[in-house]
Amino acid sequence: MADAPHQGGRRRTRLYALTDGRTTAAHTALTMDTTVMSAVSSAARDGLPSEWQAILSMCTPPNGRAVAEVAARMHMRLTPMILLLGELEDRGLIQHRSPLEEAETTNVHVLMRIRDNLARI
């Protein structure tokens, strides 16, 4: 039996190794519609685990990506992704922005943009 899951013939790092064994997000209250953005330059990503680098490269400022979109693109379930993003935030590698306010969700153009972005996934 292999000691790490495989995906597409490539060995993936186990989640507990990426989060230092963390099972809860201690300081971060992320939801599926929270937007996360990389807080470090691409040069500062060297030496980080490949999964962290992939997340940071897809969450470039100023727009970033929603937690649910990051999870989908990384082929991870939402809860483990929230734990992983919490670890990244605690290390100062990402920043997050709260979900849209109620007044912003009534804007049809914003809703259409969200729909289009989800369709691209």
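Position 1 is the first residue of the sequence; numbering continues from there.
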Novice: Shortest non-hydrogen contact from Pro80 to Met76?
Specialist: CB-CE, 3.9 Å
Novice: Enter the distance from Leu118:CG to Arg113:CZ here, rounded to the nearest 0.5 Å.
Specialist: 11.5 Å
Novice: Do side-chain atoms of Arg65 reach the backbone of Met58 as a donor and acceptor pair under 3.5 angstrom?
Specialist: yes
Novice: Using a 3.5 Å distance criterion without hydrogens, assess whether the side chain of Ser57 forms a donor-acceptor pair with backbone atoms of Ala54.
Specialist: yes
Novice: Side chains of Val36 and Gln95: closer than 4.5 Å at any heavy-atom pair?
Specialist: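 Result no, sub-4.5 Å side-chain heavy-atom pair not found.
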Novice: Would you say that Thr34 contacts Arg97 through its side chain, given a criterion of any heavy-atom pair below 4.5 Å between the two side chains?
Specialist: no
Novice: Check whether any side-chain N or O of Glu89 sits under 3.5 Å from a backbone N or O of Ile94 as a donor-acceptor pair, and report yes or no.
Specialist: no
Novice: Rounded to the nearest 0.5 Å, what's the gap from CG on Leu78 to OG1 on Thr31? Could you check?
Specialist: 8.5 Å
Novice: So, taking the atom named CD in Glu87 and the one named CH2 in Trp52, what distance separates them when rounded to the nearest 0.5 Å?
Specialist: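 Interatomic distance, Glu87 CD to Trp52 CH2, rounded to 0.5 Å: 5.0 Å.
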Novice: Which residue, Leu85, Ile55, Val40, forms the side chain to side chain contact (heavy atoms under 4.5 Å, CB included) with Leu93?
Specialist: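 One option only clears the test, and that one is Val40.
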Novice: Is the closest side-chain heavy-atom distance between Ser38 and Thr60 below 4.5 Å?
Specialist: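 Counting from C-beta outward, Ser38 and Thr60 never come under 4.5 Å.
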Novice: Is the shortest heavy-atom distance from the side chain of Val67 to the side chain of Ile82 under 4.5 Å?
Specialist: yes
Novice: Distance check, rounded to the nearest 0.5 Å: Glu51 atom CD versus Leu56 atom CG?
Specialist: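 Spacing of CD (Glu51) from CG (Leu56) equals 11.5 Å.
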Novice: Determine whether Met37 and Met81 fall in the same hydrophobic cluster, where Ile, Leu, Val, Met, Phe, Trp and Tyr are linked whenever their side-chain heavy atoms lie under 4.5 Å apart.
Specialist: no
